[in-house]
Amino acid sequence: MSTTAVLPSPASSRHTSGGSVQHGALTADRAAALLTGCASARRASELHAAAVRAGVDQDKAVDFRLQRAYAASGRLDLAVALLRRTADPTAVFYTSAIHAHSSRGLHQAALALLSEMLLSHGLLPTAHTLSASLPACGGLAVGRALHGYAVKLALSGEPYVATALLGMYARSGEAAAARALFDGMRPDPHVVSVTAMLTCYAKMGLLDDARSLFDGLPSKDLICWNAMMDGYTQHGRPSEALRLFRRMLRSGVEPDEVSVVLALSAVAQQGMAESGRWLHSFVSSSSRRIRLNARVGTALIDMYYKCGSLEDAVAVFRDLSGDVRDIVAWNAMINGYALHGHSREALAAFGQLRAQGLWPTNITFIGVLNACSHSGLVDEGRELLASMEEEYGIQPKVEHYGCMVDLLGRAGRVEEAFDLVQSMKTTTTAKPDAAMWASLLAACRLHKNMALGERIADHLVANGLANSGTYVLLSNIYAAAGKWREVGRVRSMMRASGIQKEPGCSAVEVGRRVVEFVAGDRSHPRAAEIYAKLEEVKGMARARGHVPRTELVLHDLDDDDAAKEQALAVHSEKLALAFGLISTPPGTAIKIVKNLRACADCHAVLKLVSEVTGRKIVFRDRSRFHHFVDGSCTCGDYW
DNA sequence: GTAGGGTTAG
């Protein structure tokens, strides 16, 4: 047996008292000191071997630090093995092991260690134990049990414990319980506790409550800035997220990878490449702090393709080193290809990732199924859906059936799509969702299958499943067939249901700035010029034979055609277009992003404007890109 | 000696 390989290295023995490598020279104190802060598994096992030879490995401090060194270097198995071999492990020893697992997301293992500590060893949890364990408890049941423990041991008022409890309730959506704990922390809650409460509000969409906690913080650290930004990005308020990012930079807090990922996600939502390119150079230039890891790389890919530049997304993907190019990065790339209609590339990427030994996830299948949908690849789609379960052991979810329904529906097989939805109820555990019904209705509209559209709509209304999107689609189906009385009926059903149409919002990129408009918006300082331009566009469109599609107007304007025409004329995308026309040099491309599907009237006007002005217009709506050039659109009027 | 808050793909 050779032991030379695990002896302490010369570098470490240099500091030992004798200067030469003497087994007996390693004291327990020395070994403990050498192990402190050690995060290399190799070094830990070298020191471990040396400690064994010196007979000091059973020393409490050495044993504990060895365990920490193994945990820090990712060898949790060795850390646990050591814990198991320790004759009388202390609560501190267990707490350290629990933390090692819970902080890496190994929640089950963390809880198993906790119960072993309590039940097999009869040890009492300390405040440290509870705050290390609480992040690992999955549901409310375990969380409440730990809360009870904390109360019984008079530890629930300890700041770390109270904050961990707050976080536990916050993750379970129990805002009131979280708030009660937070109120107990007055008058001076720690920034960590405030951030936990803020995150709870932010996740629930109570952004104003989150913001007032944030604004009240006397000194803001990196994490609370990130938490607040995340609140905005997760709830569709990318402009506020980016404003916050810029303020963060000015305040002197150095952003980290998380901040950058959040900012990139905000830019992706806005769809404006200029601030994205700026962020990209920011990431590259401040390489001291920000590494191009898997998350940052994926966020960059996601940002570029959502901003309309598939080329830049591919470039970032190609530059990612192999170990960073994980399945998440591949998924982003596949989604990018799908959104831009490059179906063959998406399917080819699927083959490549498999060839590299990566295992697809359910998200991968959403990407490739979307790609099939875009190009009418019905057979490929069917095969992929079947392979999910058969080859990859992934249970298709409602989203996957939704892609399949969309694929069949777009391809004109509306009845088949409907049958699939019907059969889902009996053959799968997935339940049809609003998006699935909406794509089915969209297919009915596209292929003018009014009878089926009506049947579906009746079903949705009768079962309380109709949302603003399905009402809008149904109204459009009737309008396309000239059934005005039915359009009116849908309108009153919608009114009776109390459902409001989600407000449309369009943004236009002007240089490095992004300007947003809602319908009828007059808040911009140049509103007068914008509306003058709008009149000009309207006149031009009329001169070219465009008839305003007043049948699309859902507002309760009854038969007032002039009012309907006016409602159409001030749609958010037209305002964004008008502002783009007056504020960017002639000949440059205009980039517009809308939060909903493109309105058919606006789509027609954008085509005409691209022809008359010779400008390229890049328009991203909720589901795809439209590139308007010389009077036609890359979507082929098919969306 | 040990502990609490923020992140990716539709």
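Below, read A as the first sequence line, B as the second, and so on, with proteins coming before strands; counting in each chain starts at 1. All values reported here derive from a predicted model rather than from experimental measurement.
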* Asked: Taking the side chain from A:Thr27 and the backbone from A:Arg30, do they hold a donor-acceptor pair closer than 3.5 Å?
  -> yes
Assign [X] to base, sugar-phosphate, or nothing according to its heavy-atom contacts below 4.0 angstrom with the strands shown.
{"X": "A:Gln67", "value": "nothing"}
{"X": "A:Arg65", "value": "nothing"}
{"X": "A:Lys397", "value": "nothing"}
{"X": "A:Asp256", "value": "base"}
{"X": "A:Asp326", "value": "nothing"}
{"X": "A:Lys306", "value": "sugar-phosphate"}
{"X": "A:Ser193", "value": "base"}
{"X": "A:Val191", "value": "base"}

* Asked: Do the rings of A:Tyr94 and A:His121 sit parallel, tilted or perpendicular, given the 30° and 60° boundaries?
  -> tilted
* **Geometric class of the A:His342/A:Tyr337 ring pair [parallel <30°, tilted 30-60°, perpendicular >60°]** => tilted
* Asked: Along DNA chain B, 5' to 3', what are the outermost nucleotides having an atom less than 4.0 Å from a heavy atom of chain A?
  -> B:dG1 to B:dG10
* Asked: A:Trp330 and A:Phe317: ring pair (Phe, Tyr, Trp, His ring centres under 6.0 Å), yes or no, with the steps?
  -> CA-CA 8 Å; A:Trp330 279 96; A:Phe317 183 75; 4.9 Å; yes
* Test: A:Lys220 cationic atom under 6.0 Å from A:Phe214 six-membered ring centre, within 45° of axis -> yes
* To do: Check the pair A:Lys60, A:Asp88 against salt bridge (Lys or Arg N to Asp or Glu O under 4.0 Å), reporting the backbone distance first and the verdict last.
  => CA-CA 10 Å; A:Lys60 282 272 172 211; A:Asp88 258 324; over 6 Å; no
